[in-house]
**Student:** 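Below is the structure I would like to discuss, written out as structure tokens.
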2 protein chains.
Amino acid sequence: MIKVVIAEDQTLLRDALATLLGLESDIEIVGLAANGREAHDAIRRQDPDLVLTDIEMPDMTGLELADLLRREQSRTRVVIVTTFDRPGYLRRAMEAGVSGFILKDGPSADLAGAVRRVMAGERVVAPELAARAWDEADPLSDAERRLLRLAEAGLDSPAMAEATGLARGTVRNYLHSAIGKLGAANRIEAARRARQKGWL
Amino acid sequence: MIKVVIAEDQTLLRDALATLLGLESDIEIVGLAANGREAHDAIRRQDPDLVLTDIEMPDMTGLELADLLRREQSRTRVVIVTTFDRPGYLRRAMEAGVSGFILKDGPSADLAGAVRRVMAGERVVAPELAARAWDEADPLSDAERRLLRLAEAGLDSPAMAEATGLARGTVRNYLHSAIGKLGAANRIEAARRARQKGWL
DNA sequence: TGCCGCAGGTGACAGCTGTCATGCGCGAAG
DNA sequence: CTTCGCGCATGACAGCTGTCACCTGCGGCA
């Protein structure tokens, strides 16, 4: 029996996945979580073989969860299931030592098959992503990433300087550098491009 | 037997919903579609009692589908299932004559129940939305809406003037007005707020 | 006819943005 | 020890942004 915890913030999908996998005779759903923290608690309590997790969730993302489990040397394997076809996510997931990375857009039929293959020691990656995994490394520094996130939220430079403790000029320098690296015309386009690549 | 077509662009969720509803003895899934156009074709062919549809899909949204079916005086009832808790969407859905509006974040247990209630002639709306449906009308003019969409994409004022055929000053006037209406500090924040309300 | 409202436009101005040159301190590499 | 790169900063400047006052033409409408 493969014991599985599911972490996904959309109730409907979470329950649907649980039903779907619960129909398999060799899989048992031992926990449901609506965010990373709940998932971590459930994993502590249930010691499952595998956790199926979304990335974008409130209160700890799936990537942070994977990283935490790796640091704790948990025996629970991690399979990421995400909407977002962003190379940066796959890269970070791999660095966090996940065992699988599949897309919500992908074929659903062999979700159970993917779970079984992972338990057999295989590493399962959505084929449409595998090829593009390493084709572009994240060029952003931490400071640039942070400022792009603030720009996305609508702050202007003085507000960002206030929020980060940097000088206004430095804020502009970082943004300038990020704009250059991303080939954008301004901070808004830069933020959009970075977000789309999974670098924010 | 209630005949249902499901329209949802995420394969995983689409198949999971189909499995979930297919388990009910009085519901039969007669079609699956990955976008609004496919859904429309499936409805033509199958003449189902009800279509369960997402809003944000490529190649015709769920709202456009609902509107089309209303104009065609189709007997198929429409139930919207969406991630997005945006009052503007509910308003537009109601104007398109949908029979139900439920959230992916809502309780999944009674999805089948909602389907049955709709078939019994009830109008089913996610309770967390019902109260807020009419509390704020879209204050934006078409010109403002259009410019906010361009702002969101990272264009600056001269580029927007170019794209719309308006004078630069006029572009700034419209944005100024939109910023005022939305209580934002700049065009970026204005675009974010409008998007969040479902007005873009 | 005269007045209003409205879409679209102009001009001015303070402040923000993107770009560039330049500087300083500090830790790593030679 | 010196040099280099890097993080952080400054100053200057053209161009964009947000705000405001005001103008024009046009379709209603009393």
Side-chain angles (χ1 to χ4, degrees), chain A residues 67 88 91-92 95 134 136-200, chain B residues 88 91-92 95 136-200:
Chain A
D67 204 52
R91 190 193 189 91
R92 276 153 68 194
E95 282 162 5
W134 308 100
E136 250 182 311
D138 182 350
L140 299 174
S141 72
D142 285 345
E144 288 159 358
R145 209 186 327 282
R146 185 164 176 212
L147 291 175
L148 285 181
R149 273 195 275 250
L150 294 176
E152 205 178 22
L155 278 71
D156 59 14
S157 293
M160 292 189 224
E162 176 85 15
T164 57
L166 294 171
R168 296 177 182 205
T170 306
V171 168
R172 290 200 323 252
N173 284 343
Y174 280 131
L175 288 172
H176 175 50
S177 150
I179 288 166
K181 285 175 179 175
L182 296 167
N186 54 49
R187 56 187 68 188
I188 305 311
E189 203 188 330
R192 281 175 54 87
R193 293 192 178 201
R195 161 95 29 217
Q196 200 222 328
K197 293 281 190 178
W199 294 334
L200 289 191
Chain B
R91 192 194 189 94
R92 276 153 67 194
E95 282 161 6
E136 250 181 312
D138 181 351
L140 299 174
S141 71
D142 285 347
E144 288 160 358
R145 211 189 326 284
R146 181 160 179 217
L147 290 175
L148 284 181
R149 274 196 274 253
L150 295 175
E152 204 179 23
L155 278 72
D156 59 15
S157 293
M160 290 189 225
E162 175 86 16
T164 56
L166 295 171
R168 296 178 183 205
T170 305
V171 168
R172 281 180 311 166
N173 286 342
Y174 280 131
L175 288 173
H176 176 51
S177 149
I179 289 167
K181 286 176 179 176
L182 295 167
N186 54 50
R187 56 186 70 187
I188 305 309
E189 204 188 331
R192 281 174 52 87
R193 291 192 179 202
R195 162 85 41 208
Q196 199 222 326
K197 295 278 192 182
W199 293 336
L200 288 191

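Letters go in sequence order (proteins before strands), and every chain restarts at 1.
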**Student:** So which one's nearest nucleotide on DNA chain C is more toward 5', A167(B) or R172(B)?
**Tutor:**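 That would be A167(B).
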**Student:** Whether S157(A) contacts dC16(C) is assessed here as follows: a side-chain N or O lying under 4.0 Å from the phosphate OP1 or OP2. Is that the case?
**Tutor:**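 Indeed not, no polar side-chain atom of S157(A) lies that close.
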**Student:** What's L166(B) touching, base or sugar-phosphate or nothing? Going by heavy atoms closer than 4.0 Å.
**Tutor:**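 Answer is sugar-phosphate: L166(B) comes under 4.0 Å of backbone atoms only.
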**Student:** Give a yes/no answer on whether the side chain of H176(B) brings an N or O atom under 4.0 Å of OP1 or OP2 in dT19(D).
**Tutor:**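 It does, given that an N or O in the side chain of H176(B) lies less than 4.0 Å from OP1 or OP2 of dT19(D).
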**Student:** Looking at CG of L148(B) and CG of L175(B), how far apart are the two atoms once the value is rounded to the nearest 0.5 Å?
**Tutor:**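 If we round to the nearest 0.5 Å, L148(B):CG and L175(B):CG are 6.5 Å apart.
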**Student:** Out of H176(B), R149(B), K181(B), which one pairs with E144(B) under the side chain to side chain contact (heavy atoms under 4.5 Å, CB included) rule?
**Tutor:**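 Single pass found, and it is K181(B).
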**Student:** How many whole angstroms separate atom OH of Y174(B) from atom P of dG18(D)?
**Tutor:**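 After rounding, the reported distance stands at 17 Å.
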**Student:** Between dC16(C), dT19(C), dG8(C), which nucleotide gets closest to the side-chain atoms of R168(A)?
**Tutor:**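 The answer is dC16(C), which lies nearest to the side chain.
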**Student:** Would you indicate what N186(A) reaches in the nucleic acid, counting non-hydrogen atoms under 4.0 angstrom: base, sugar-phosphate, or nothing?
**Tutor:**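 Since only primed, P, OP1 and OP2 atoms lie under 4.0 Å of N186(A), the category is sugar-phosphate.
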**Student:** Can you tell me how far P of dG8(C) sits from CE of M160(B), to the nearest Å?
**Tutor:**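 One finds 16 Å between P of dG8(C) and CE of M160(B), rounded.
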**Student:** If I take atom CG in residue D156(A) and atom P in nucleotide dA14(C), what distance separates them, rounded to the nearest angstrom?
**Tutor:**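 Distance, rounded to whole Å: 19 Å.
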**Student:** Could you measure the distance from the CZ atom of R172(A) to the CZ atom of R168(A)? Nearest 0.5 Å is fine.
**Tutor:**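 That separation rounds to 9.5 Å.
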**Student:** Can you tell me how far apart CG (L140(B)) and CH2 (W199(B)) are? Round to the nearest 0.5 Å.
**Tutor:**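 Here the interatomic distance stands at 6.5 Å.
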**Student:** Regarding T170(A), tell me which of base, sugar-phosphate or nothing describes its non-hydrogen contacts under 4.0 Å with the strands shown.
**Tutor:**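 Base contact - T170(A) has a heavy atom under 4.0 Å of at least one base atom.
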**Student:** Distance check needed: dG8(C) P versus D142(B) CG, whole Å only.
**Tutor:**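 These atoms are roughly 10 Å apart.
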**Student:** Before accepting this row, confirm whether a basic side-chain N of the pair R187(B)/E152(B) lies closer than 4.0 Å to the acidic partner's carboxylate O.
**Tutor:**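 Looking at R187(B) and E152(B), the cut-off is not met.
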**Student:** Tell me: CG of L175(A) to C1' of dC8(D), nearest whole Å?
**Tutor:**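 Value for this atom pair: 14 Å.
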**Student:** Rounded to the nearest Å, what distance is computed from the CD atom of residue E189(A) to the C1' atom of nucleotide dG18(C)?
**Tutor:**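 Distance check: E189(A) CD to dG18(C) C1' gives 13 Å.
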**Student:** Starting at CD of E144(B) and ending at C1' of dG8(C), how long is that distance when rounded to a whole Å?
**Tutor:**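 To the nearest whole Å, that distance equals 13 Å.
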**Student:** Specify the separation, in whole Å, of atom CG of N173(A) and atom C1' of dA12(D).
**Tutor:**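 My rounded result for the distance is 13 Å.
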